[in-house]
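Naming: A, B, ... by sequence-line order, numbering from 1 per chain.
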Amino acid sequence: MENLLRKGIREALISLYKSDVPDESIQLQKTRKEFSGDMTLVVFPLLKNSHRSPEQTANDIGEYLLGNLKSVSSFNVIKGFLNITVAPREWASRLQSIRVTRNWGFTEAGPEAEVIVIEYSSPNTNKPLHLGHIRNNLLGFSLSRLTAAAGKKVIRTNIVNDRGIHICKSMVAWKLFGNGETPENSRKKGDHLVGEYYVLFDRKYKEQVAGLEAAGSTPEEARENAPLMLAAREMLLRWEAGDAETLSLWKMMNSWVYAGFDVTYKALGVEFDRIYYESETYKTGRQLVLEALNSGLLFRKDDGSVWVDLTAEKLDQKLLLRSDGTAVYMTQDLGTAVLRYNDFSFNRHIYVVGNEQNYHFQVLALVLLRMGYQWARGLHHFSYGMVELPEGKMKSREGTVVDADDLITEMTDTARAMSQELGKLGGFTESEKEDIFRKIGLGALKYYILKVDPKKNMTFNPAESIDFNGNTGPFIQYTYTRIKSVLNKGMETGITPGEPLFDDVTPDPKEINIIKLLNDFPAVVSEAAEALSPSLIANYCYDLSREFNQFYHDLPILGEENREKRNFRLNLTEMTGIIIEKGLWLLGIEAPERM
RNA sequence: GGUUCCGUAGCUCAGUUGGAUAGAGCAACAGCCUUCUAAGCUGUGGGUCGAGCGUUCGAGUCGCUCCGGAAUCACCA
């Protein structure tokens, strides 16, 4: 449609003014709602060619299009804007071609497809997932679907931070105070259980520090010499030395955590193709750093610590190995990146990590380049904003962290309560109902998070909770179930979307609005994949749902007397359902059949 | 202090490569269920797009300077 108009406009310019213009000077856009018309040409850039006033120019082109293009039915000129109305029947045939295209902007990954590694989630094994992780997981998973839809070969990875002093703290606390508590005998979820010991460590440790300070130690001494801290340090040394008993405790507690994470991941509906563990990558990182040091790319300070000097890149010097030779965060990530490149030879590597680590990823790419890895140019930090509470940041100390499992349960509970209040879902078994409540609750949560521009910080108000009315996931899901309901009802009465014989159908304005949106979908998908922005998809789904609900309300679908018109509406309805389902799929939101 | 990001209605957020009178939802108020699902639809009120200057025929959008907020600049991860 747009291309047709472009071609016509170019012909008009040649015929009227004997001059051709570059494509970007032909600014075609959708006509704003308050004006009549479908497409609008902004004529200001064309005045150089016409040497006439904006109104005259617009009028000239309008007349030409009306006379020469069958699909243009009328036009009007307001200031420098030429509003072109496309013949309604043109839209009807547009729906037909959308219907037969059948790929809706989704591209299959061919053998030559670009390989993209997406890392997301990246949990620590000493505490359960919270709201911040939810944003990470949802963004990462949706990005993986978006890039896959754009024809890339996507590998979803996770890096589990399973080593270090923080893990040892949980281990020490469990050993001292645990009395053999396990997820089985306590019926607690493994990650929560381990998290409790991490918190317990912190509490007991603070008591000890306070005790030492009362006995005359300086605060610094107290922090260093508290027995619990000494025990944790010793545990870390034993871990690094490969002590069998320590390793077996570590493996046992980590397995609890992983079992817990699996439950949360499953509830969120996210998946990974390959999981990396820092306990397996940090040694590679250290090796890389030592090799680079030998090649003179890095330098060693007097105390033995190894650094990279990035002052030439306007950054600081950055530590890569501690004076005792142990690895830091950066070292591990260097190792992980190289291992991944060896595994997948990726073209691009997207890290879904919060914006508090912008500096870290800037340095990571620079260091890899310094080491001679040209592929590091393909590293991309997908930096998203924090989730804040109305009072500010979530703080575990103040108990204001929103736990992921709790939130998921709460959302499902709310969906259940709301559904009962509305008196819905008669005739379903309990397990069917629960499945629907889960889809709705999760849909609300996911949409709430994904509709927001990823790079912005967002506010989550637990008291007001997440809405189920208005611009929400359930609204879109509801629209989808309405569509299903119409199609089912039609099928029962023998009315199904048949062959599209749309030649004689003149669509209503509301129908044209929907066709326009359906027509946009492929462009929205590729734009969202390009911009790595699930929020574009989310907002598109909302617009389409809104448009459909208005149409649904005002016009009969099954009740339409005219057979062709009814068939047309059914096809429109069916197509809308398909596109909404596709859009929700890109967001990782499930579409219930009924609700 | 350096670097990066953000600032749009009372609240939560949209706003395509610069285009016309800046949009939704929530909250408030007023309507609409004998009808394909009312988790819906319709209407009313609500804005110096943080401030200023500049570029442009045209700026919420681009540039500069301020103001406000966040993150980061660890031998934490």
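Anti is the conformation of B:C73, whose glycosidic angle sits further than 90° from 0.
Rounded to whole Å, atom C1' of B:A22 lies 14 Å from atom NZ of A:Lys33. Atom CG of A:Asp543 and atom C1' of B:U16 are 12 Å apart (whole Å). Separating the CG atom of A:Asn461 from the C1' atom of B:C11 is a distance of 9 Å, rounded to the nearest angstrom. As a whole-Å value, the separation of A:Leu236 CG from B:C76 C1' is 12 Å. B:C13 atom C1' lies 15 Å from atom CD of A:Glu388, rounded to whole Å. Atom-to-atom, OH of A:Tyr198 to P of B:C76 comes out at 13 Å; the value is rounded to the nearest Å. Rounded to whole Å, the distance from OH on A:Tyr448 to P on B:C26 is 14 Å. For A:Ile449 and B:U12, the CD1 to P distance is 16 Å, given to the nearest whole Å.
A residue-by-residue look at A:Phe460 and A:Arg546 shows that A:Phe460 has its nearest nucleotide of RNA chain B further toward the 5' end. Annotation: of the two residues near RNA chain B, A:Glu278 and A:Tyr359, the 5′-most nearest-nucleotide partner is A:Tyr359.
Separation of the P atoms belonging to B:C11 and B:G47 is 13 Å when rounded to the nearest angstrom. When the C1' atom is used for both B:U8 and B:A51, the distance is 15 Å, rounded to whole Å. Taking the P atom of each, B:A20 and B:C13 are spaced 25 Å apart, rounded to whole Å. Atom C1' of B:A38 sits at a distance of 9 Å from the matching atom of B:C32, rounded to the whole Å. Rounded to a whole angstrom, the distance from the C1' atom of B:U72 to that of B:C26 is 34 Å. Taking atom P on both nucleotides, B:G50 is separated from B:G7 by 7 Å, rounded to a whole Å. Here, B:G15 and B:A30 have their P atoms 34 Å apart, quoted to the whole Å. Taking atom P in both B:G19 and B:G63, one finds a spacing of 15 Å when rounded to whole Å.
Residue A:Asn124 has its side chain nearest to B:A77 when only B:C41, B:C13, B:A77 are considered. For A:Asp316, the listed nucleotide lying nearest its side chain is B:C73; candidates were B:U16, B:A77, B:C73. Considering only side-chain atoms of A:Asn539, the nucleotide from B:C6, B:A14, B:A77 that sits closest is B:A14. Ranking B:U12, B:U4, B:A14 by closeness to the A:Lys456 side chain, first place goes to B:A14.
Atom CZ in A:Phe460 sits 8.5 Å away from atom CD1 in A:Ile134 (nearest 0.5 Å).
Under the side-chain contact (heavy atoms from CB on, under 4.5 Å) test applied with A:Ser170, the options A:Asn254, A:Val194, A:Val199 reduce to a single match, A:Val194.
Residue pairs satisfying the salt bridge (Lys or Arg N to Asp or Glu O under 4.0 Å) criterion with at least one member in residues 531-557 of chain A, sequence neighbours excluded, are listed as follows: A:Lys510-A:Asp554. Among residues at least two apart or in separate chains, side chain to side chain donor-acceptor pair (under 3.5 Å) pairs with a member in residues 433-452 of chain A are A:Arg416-A:Glu434, A:Asp435-A:Arg438, A:Asp435-A:Lys439, A:Arg438-A:Glu590, A:Tyr447-A:Asn471. Among pairs with a residue in residues 520-539 of chain A, those fulfilling salt bridge (Lys or Arg N to Asp or Glu O under 4.0 Å) read A:Lys30-A:Asp520, at least two apart in sequence or across chains.
For RNA chain B, runs of at least 3 consecutive pairs of the Watson-Crick or G-U wobble type, with both hydrogen-bonding distances under 3.5 angstrom, map to B:1-7 with B:67-73, B:10-13 with B:23-26, B:28-32 with B:40-44, B:50-54 with B:62-66.
Under a cutoff of 6.0 Å and an axis angle of 45°, A:Arg163 and A:Tyr282 form a cation-pi pair.
A:Lys451 has no side-chain polar atom (N or O) that falls below the 4.0 Å cut-off from OP1 or OP2 of B:A24.
Counted by atom type alone, A:Asn549 and A:Arg482 present one or more donor-acceptor pairs between their side chains at under 3.5 Å. For the residue pair A:Thr40/A:Asn83, the side-chain donor-acceptor check at 3.5 Å is satisfied. Judged by distance alone, the side chains of A:Asp162 and A:Ser279 do bring a donor and an acceptor atom under 3.5 Å apart.
In plain terms, the two heavy atoms of A:Asn124 and A:Phe261 that are nearest each other are O-CZ, 3.4 Å. A pairwise comparison of heavy atoms in A:Ser121 and A:Asn137 identifies OG-OD1, 2.8 Å as the closest pair.
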Could I get a table of every N or O pair under 3.5 Å where one atom is in the protein and the other is in nucleotides 19-21 of chain B?
unit_1	atom_1	unit_2	atom_2	d
B:G19	N7	A:Gln27	OE1	3.0
B:A20	OP2	A:Arg32	NH1	2.5
B:A20	N6	A:Thr40	OG1	2.9
B:A20	N6	A:Asn83	OD1	3.0
B:A20	N1	A:Asn83	OD1	3.2
B:A20	N1	A:Asn83	ND2	3.4

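Among the protein residues, A:Ser305 comes within range of the nucleic acid bases, having at least one heavy atom under 4.0 Å from a base atom. Residue contacts shown for A:Asp453 are limited to sugar-phosphate atoms, with no base heavy atom under 4.0 Å away. Base engagement by A:Gln357 is indicated by at least one non-hydrogen atom pair under 4.0 Å involving a base atom.
Taking the six-membered ring for Trp and thresholds of 30 and 60 degrees, A:Tyr205 and A:Phe201 have nearly parallel ring planes, at less than 30 degrees apart.
Crowding of A:Glu391 atom CD: a count of heavy atoms from other residues, nucleotides or ligands under 6.0 Å exceeding 12. Residue-environment remark: NZ (A:Lys48) stays at or below the threshold of 12 foreign heavy atoms within 6.0 Å.
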For a quick check, with a 4.0 angstrom heavy-atom cut-off, what is the B/S/- contact string for nucleotides 27-40 of chain B, read 5' to 3'?
---------BBSBB

